[in-house]
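Take a look at the structure below.
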Amino acid sequence: MKRAGSFFEDVHDVARLIPEGRVTSYGAIAKYLGTGMSARMVGWAMNASFNAEPPVPAHRVVNRQGLLTGKIHFSPPEMMQALLEREGIRVENDCIIDFQKHFWDPMVELG
DNA sequence: TAACTGACTCGGC
DNA sequence: AGCCGAGCCAGTT
């Protein structure tokens, strides 16, 4: 893992590595960074990601259930689902279909 | 400066 | 099987 600097910068870095058509969870990123249970911070970092450069695909990060909990922070909120569907991910009722199938684990993919 | 909040997760009841 | 409480860390007020 590369420690770019502050916590949220690391989160941004990992989030940017998420391949297209794949998704991951806050907890997975938190665990990868070694912060363990601080999944909340990942979400908070995502909030800052909107102003980050280069932009972070925050729409590929959802909660452990595959639920688009963060969509409310998008403008409009429906954009998150739209982006995911555009990448071939089926989303229904704010929930990713076959979430585990599209799941991208930084611990496994990045080592 | 101290306190609160938050796009989460886990464990217990 | 669903609801409730606790833990986590950093940024914001």
Side-chain angles (χ1 to χ4, degrees):
Chain A
M1 70 171 84
K2 41 160 76 171
R3 282 287 160 97
S6 58
F7 180 81
F8 71 80
E9 279 185 37
D10 290 344
V11 175
H12 294 172
D13 196 39
V14 176
R16 280 193 280 255
L17 293 174
I18 302 174
E20 208 176 286
R22 288 289 146 97
V23 291
T24 191
S25 69
Y26 304 97
I29 295 176
K31 194 172 183 181
Y32 174 73
L33 294 178
T35 49
M37 254 178 174
S38 59
R40 293 183 169 197
M41 286 297 89
V42 178
W44 192 246
M46 289 278 103
N47 196 6
S49 75
F50 281 104
N51 200 30
E53 187 67 29
V56 175
H59 61 278
R60 295 184 188 145
V61 184
V62 296
N63 71 348
R64 71 175 190 90
Q65 306 174 27
L67 196 65
L68 277 55
T69 53
K71 64 174 278 179
I72 55 185
H73 290 272
F74 281 75
S75 52
E78 298 83 47
M79 189 169 80
M80 185 175 186
Q81 176 173 338
L83 288 169
L84 289 171
E85 289 184 324
R86 184 175 143 221
E87 296 184 0
I89 298 175
R90 278 168 285 172
V91 180
E92 193 168 301
N93 199 20
D94 298 347
C95 189
I96 296 178
I97 308 299
D98 294 328
F99 171 61
Q100 201 159 80
K101 184 174 160 188
H102 293 290
F103 186 72
W104 180 84
D105 190 349
M107 293 291 270
V108 176
E109 305 294 335
L110 304 179

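Chain naming here is simple, since letters A, B, ... match the order of the sequence lines and numbering starts at 1 in each. Keep in mind that what you see is a predicted model, and the values were worked out from it rather than measured.
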Nucleotide B/dT9, atom P - distance to CD1 of A/Ile29 in whole Å: 10 Å
So for atom CZ, which belongs to A/Arg16, do other residues, nucleotides or ligands contribute more than 12 heavy atoms lying within a distance under 6.0 Å? yes
Tabulated below should be each protein N or O lying under 3.5 Å from an N or O of nucleotides 9-13 of chain C; please produce it.
| from | atom 1 | to | atom 2 | distance (Å) |
| --- | --- | --- | --- | --- |
| C/dG11 | O4' | A/Trp44 | NE1 | 3.2 |

Residues within residues 74-98 of chain A bordering DNA chain B, heavy-atom distance below 4.0 Å: A/Phe74
Can you tell if the side chain of A/Tyr26 reaches within under 4.5 Å of the side chain of A/Met46, non-hydrogen atoms only? yes
If you round to the nearest 0.5 Å, how far is CG of A/Asn51 from NE2 of A/His12? 9.5 Å
Considering only distance and modelled atom types, tabulate donor-acceptor pairs under 3.5 Å from the side chains of residues 101-111 of chain A, sequence neighbours left out.
| from | atom 1 | to | atom 2 | distance (Å) |
| --- | --- | --- | --- | --- |
| A/His102 | ND1 | A/Gly21 | O | 3.4 |
| A/Asp105 | OD1 | A/Met107 | N | 3.0 |

Run the side-chain donor-acceptor check on residues 58-66 of chain A: report pairs under 3.5 Å with partners two or more places apart or on a different chain.
| from | atom 1 | to | atom 2 | distance (Å) |
| --- | --- | --- | --- | --- |
| A/His59 | NE2 | A/Glu87 | OE2 | 3.1 |
| A/Arg60 | NE | A/Glu87 | OE1 | 3.0 |
| A/Arg60 | NE | A/Glu87 | OE2 | 3.2 |
| A/Arg60 | NH1 | A/Ile18 | O | 2.8 |
| A/Arg60 | NH2 | A/Glu87 | OE2 | 2.8 |
| A/Asn63 | OD1 | A/Gln65 | N | 3.3 |
| A/Asn63 | OD1 | A/Gly66 | N | 3.3 |
| A/Asn63 | OD1 | A/Leu67 | N | 2.7 |

Once you round to the nearest 0.5 Å, how far does CD1 of A/Ile29 lie from CG of A/Asp10? 11.0 Å
Note: contacts of residues 45-63 of chain A with DNA chain B (heavy atom, under 4.0 Å) are A/Met46, A/Asn47, A/Phe50, A/Ala58, A/Asn63
Gap separating the CG atom of A/Leu84 from the CD1 atom of A/Ile97, nearest 0.5 angstrom: 11.5 Å
Is A/Thr35 reaching over with its side chain to a backbone N or O of A/Ala30, donor-acceptor style, under 3.5 angstrom? yes
Between CG on residue A/Asp94 and CD on residue A/Glu78, distance to nearest 0.5 Å: 9.0 Å
In Å, rounded to the nearest 0.5 Å, how long is the span from CD of A/Glu85 to CD1 of A/Ile96? 10.0 Å
Measuring from A/Tyr32:OH to A/Leu17:CG, what's the distance to the nearest 0.5 Å? 7.5 Å
According to a strict under-4.0 Å criterion, is A/Ser25 in side-chain N/O contact with OP1 or OP2 of B/dC8? no
Mind checking whether A/Ile89 and A/Phe99 have side chains closer than 4.5 Å, heavy atoms only? no
Under-3.5 Å N/O pairs linking protein and nucleotides 10-13 of chain B:
| from | atom 1 | to | atom 2 | distance (Å) |
| --- | --- | --- | --- | --- |
| B/dC10 | OP2 | A/Arg64 | NE | 3.4 |

Would you indicate whether A/Asp98, at its atom CG, is surrounded by more than 12 heavy atoms from other residues, nucleotides or ligands within a distance under 6.0 Å? yes
